[in-house]
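This report refers to the structure that appears directly beneath it.
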Amino acid sequence: MIVVMDPGATRDHVDHVIKMIEEMGLKSHPIFGTDRTVVAAIGDKRNADKSSLEQAPFVDKVVEILAPYKRASLEVRSERSTVATSPGGFAFGERKIGVIAGPCSVEDRTKLIEVAHAVKEAGAIGLRGGAFKPRTDPYSFRGLGEPGLEILAEAREQTGLAVCTEVMDVNDVALVAKYADILQIGARNMHNFNLLVAAARANKPIMLKRGWSATFDEFLLAAEYIMNEGNDRVLLCERGIRTHESYVRNTLPLAIIPAVRRRSHLPIVIDPSHGTGHAYMVPSMCRAAVAAGADGLLVEVHGDPERAMTDGAQSLTPEVFAATMSELTPIATAVDRSV
Ligand code: PEP
Ligand code: MN
């Protein structure tokens, strides 16, 4: 923490701040400038009381230097993490970029099994599909529930793909974890801290989607909730944020890739489907995400997007998905990765 003094602060005001910092069990390090004095407070931040320092006379502001998240931060762990989908299975964060593909929701057995084989053939390592769907409109299709999970498990058996599916409720964690390899926490639930804790305790990797109005720090703090339960297997998923733009469903900030790489050791996965809302934009955003250093992609693929029960407009056909995967190969090679 750095305490920035007002330009009019006297030596007494600075000494008062130094005394407060030392009473908190922290070391103080004043730097006297020509216009202003700043005092660095060094030590275990848990002892620090930022708000009381802010109220001390002639204090302009108190600035945090270290990230508020710890376990998710590069400050505490300097090597990049790898997150295995199952013991000995594919791991995100290694050289190979993990692509998880499949429909927005599980609609029926035949269609799901068919699309699972198609995405596997094209090079995906995981199968996505919601059995519990968070829908803004309560009258729309809300998923098949447990029968949907059974279909996903059958598809895994046939293809070997890791199953990534959403859990929406604390009470469903055990059920979803029984079938899933990766538990997805949706954008609408990123701030549902009880769900984060319950999902973390299932001891499965977590695909944590960023809330569409969450800041970068809030996103990382949500990851911290999971990691605080002793579960380090967090995949950060950028799925776009809400902005004033209307030519896209969400605005996809790919700059989060270098930002995550600078501040966190966790793998970063990009979801260009929700990130744009339009199938025609998805291949280019996949290419851009790979070029920028993404560790994974989450892509909606449907055998018949026009008739999809959810998110058809942003779903690729299996053919376009396969073509996109081929286009990713040279880009991945150029950035010393593979797909
Ligand atoms: C989804 O993956 O289908 C989904 C509902 O995503 P989000 O939570 O990002 O809206
Ligand atoms: Mn969807």
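Both ligands and their constituent atoms are indexed starting at 1 by order of listing.
Of the inter-residue distances, the one linking Glu166 atom CD with Ile182 atom CD1 reads 13.5 Å to the nearest 0.5 angstrom. Asn231 CG to Arg201 CZ: the interatomic distance, rounded to the nearest 0.5 Å, is 11.5 Å. Put simply, CD on Glu114 and CG on Asp108 are 9.5 Å apart, with the number rounded to the nearest 0.5 Å.
Residue Arg239 places at least one N or O, backbone or side chain, under 3.5 Å from an N or O of ligand 1. Polar contact check, Glu166 against ligand 1: no nitrogen or oxygen pair lies under 3.5 Å apart. Remark: ligand 1 and Lys209 share an N or O pair separated by less than 3.5 Å (distance only, no angle test).
Compare Glu238, Met168, Arg128 by their heavy atoms: the one nearest to atom 3 (O) of ligand 1 is in Arg128. Selection from His274, Arg249, Gln314 by nearest heavy atom to atom 1 (C) of ligand 1 gives His274. Here atom 8 (O) of ligand 1 lies nearest to Ala187 when heavy atoms of Ala187, Gly275, Pro134 are compared.
The only option from Arg249, Arg128, Lys133 that meets the salt bridge (charged side-chain N to carboxylate O under 4.0 Å, His left out) definition with Asp311 turns out to be Arg249.
Atoms of ligand 1 lying under 4.0 Å from at least one heavy atom of Gly186, given by number and element, are 8 (O). Short contacts between ligand 1 and Lys133, defined as distances under 4.0 Å to a heavy atom of the residue, involve ligand atoms 1 (C), 3 (O), 5 (C). Numbered from 1 in the order shown, with element, the atoms of ligand 1 that lie under 4.0 Å from a heavy atom of Glu300 read 3 (O).
Annotation for Lys209 and Phe219: closest pair C-CE1, 3.9 Å, computed over non-hydrogen atoms.
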- Task: List the steps, then state whether side-chain contact (heavy atoms from CB on, under 4.5 Å) holds for Thr243 with Val248.
- Result: CA-CA 9 Å; Thr243 71; Val248 277; 5.5 Å; no
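Of all the N, O or S atoms in Asp311, the one closest to the Mn ion (ligand 2) is OD2. As for Glu300, its N/O/S atom nearest the Mn ion (ligand 2) is the one called OE2.
Enclosure of atom CD in Glu157 is not indicated, since only 12 or fewer non-hydrogen atoms of other residues, nucleotides or ligands lie within 6.0 angstrom.
Side-chain heavy atoms closer than 4.5 Å link hydrophobic residues (I, L, V, M, F, W, Y) into clusters, and following such links, even through other members, never connects Leu298 to Ile268.
Ligand 1 is approached by Cys104 to a heavy-atom distance shorter than 4.0 Å.
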